[in-house]
There are 2 protein chains.
Amino acid sequence: MGLDLHDLEPVSRRSTAAIVADRIRQAIMRGTFPPGTQLGEVELAGRLGVSRGPLREAMQRLVAEGLLRSERHRGLFVRDLDAADVRDVYLARTAVERAAGMLILDGDRSAATERLTAALAAMEAAAAAGDAVALADADHGFHAELVAAAGSPRLRRMADALLVETRMCLAALQQTAPPAEELLVEHRVLRDAVHDGDADRLVATLEAHMADAVDRILGPAGGGPAGAGLPLGPPPAVPA
Amino acid sequence: MGLDLHDLEPVSRRSTAAIVADRIRQAIMRGTFPPGTQLGEVELAGRLGVSRGPLREAMQRLVAEGLLRSERHRGLFVRDLDAADVRDVYLARTAVERAAGMLILDGDRSAATERLTAALAAMEAAAAAGDAVALADADHGFHAELVAAAGSPRLRRMADALLVETRMCLAALQQTAPPAEELLVEHRVLRDAVHDGDADRLVATLEAHMADAVDRILGPAGGGPAGAGLPLGPPPAVPA
DNA sequence: GTGCCGCGGATTGTTGACAATCATACGAGC
DNA sequence: GCTCGTATGATTGTCAACAATCCGCGGCAC
């Protein structure tokens, strides 16, 4: 239902490096590779059925995206995100999605509303089914659709990268249980604000939504002033 | 004078791929490789004195950054930016630098003011010397310092990528002569707004500054509503 | 007992060569 | 004259092997 650009795509599929990059990215997102784990090149290459050449290229892409951290002659490690990183991710997301929202309000609101409604339906279905990972997927999809509807390639690219990091946060610090109903309400308000063209309400709701997400992940400790740069303390229990 | 993070860098220098990526990036920024040119791997590898392996890794990074466009079995080409891209770059920059500015206003304003003043001094020196490329460098440095002072790693990373694309725009569509005095005034106002903690003035000036830059590059045609997505017409004279 | 030195194992970084693929130019057929 | 099929050339994509580097452990001198 949610295929974006299948309209007669050129026959040549993407390069091998891009494919394995997507694979690794998805594995990191889904928590298959916990933060801090070392990714051996030979093992990964063997498991994916490719050689080390394309795999290294894919790794470089992921390093550029900030998902991996490369130590020279030591290996590649999955970046572990601390509390400051969580705040930073949501701060950047707020900036990007805010700009996307303003852009939508100056553009085709009805089309955007339609796309957001569809994404919202996916969230509602997942919530009704009680499927937590599907709900997270749909949440991801809603925000991706929000900035995609803005029509800015660069905002979209930045948002995609940030959403991947968001999933990393969720996978790493798996919160107990996201209150599905509250989540749905917040997203519904976002869509309505887009529909009504209410800029102030959209921005306020977006910021509150992001702050809520940070609180949900970190516990209601440092969600307010968002002082970036502090490593800060142990919220409930984070592994080293 | 403007070195950012030279503070006792680890002895092991970066990987070869990162070095060649920086080289290519700089070459693209400075206009050495005009947009649309094909970058042959063997030629580049020979010229840089490295093999094709590390070079391909560097290329993947640059593709991920959006500076190169890879066509399968065709080659790597320098992305050529049209008018819509110019508007999009400045739109994204506005979003990022606005967020950075708000963050600074909630943080250490005096330190940020100091850094911005230093960057401004570099601009003034370049303007006084009549050195256009030094002025562009200093302009670049001012905005880089602005988001660096915010202390958000992700905003910083996004801004760096966008600034490189900005330089690409400037190099490709080399404008006649940027009015140095006006440029200085605008940046001075930005710094003063940071110093005074005036959020409204900072945002307004920033948006005006970006709109001015777009007008300067494209000619005063479509700077107002910034309708992204249109390829749009020939402002004065753009090469295909 | 403590600190230093050297060695073994493993991993990454790099290289060169092989194979697959595509664009271009030329000639045959209609 | 135009179009289609084919040969050629160059380029990218991929692979397996070589070399450099670093961590951990055992032994030795002090």
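Keep in mind that what you see is a predicted model, and the values were worked out from it rather than measured. Chain identifiers are assigned alphabetically (A, B, ...) following the order of the sequence lines, protein sequences preceding nucleic acid strands; residue numbering begins at 1 within each chain.
Legend: residues meeting side chain to side chain donor-acceptor pair (under 3.5 Å) with B:Arg98, ordered by chain and number and at least two apart, are absent.
With rounding to whole Å, B:Glu71 atom CD is found 23 Å from C:dA20 atom P. The CG atom of B:Leu39 sits 17 Å away from the C1' atom of D:dG13 (whole-angstrom rounding). Computed from coordinates, the B:Glu41 CD to D:dG13 P distance equals 6 Å when rounded to whole Å. For A:Leu76 and C:dA10, the CG to P distance is 20 Å, given to the nearest whole Å. In this structure, the CD atom of A:Glu43 is 14 Å from the P atom of C:dA10, given to the nearest Å.
Distances shown here put a side-chain N or O of A:Arg56 below 4.0 Å from the OP1 or OP2 atom of C:dG13.
Under a 4.0 Å N-O distance rule, the pair B:Asp137/B:Arg167 qualifies as a salt bridge. A salt bridge does not link A:Asp160 with A:Arg157: every distance from a Lys NZ or Arg NE/NH1/NH2 to an Asp or Glu carboxylate oxygen is 4.0 Å or more.
As judged by a 4.0 angstrom heavy-atom cut-off over every strand, B:Leu55 is placed among residues making no nucleic acid contact.
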Give me the distances for all protein-to-nucleotides 15-18 of chain C N/O pairs that come in under 3.5 Å?
unit_1: C:dT15; atom_1: OP2; unit_2: B:Ser51; atom_2: N; d: 2.8

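With distances taken from any side-chain atom of B:Arg74 to the nucleotides C:dG13, D:dC23, C:dC22, the minimum falls on C:dC22.
Nucleotides of DNA chain D nearest to A:His73 and A:Glu57 differ in position, and the one nearer the 5' end is that of A:Glu57.
Between A:His143 and A:His209, the ring planes are parallel. Angles under 30° get that label, and only those over 60° would be called perpendicular.
The list of side-chain hydrogen bond (donor to acceptor under 3.5 Å, both in side chains) pairs with a residue in residues 40-55 of chain A, not counting sequence neighbours, reads A:Glu41-A:Arg52, A:Glu41-A:Arg56, A:Glu43-A:Arg47.
Looking only at side-chain heavy atoms (C-beta outward), B:Asp85 and B:Arg79 come within less than 4.5 Å of each other.
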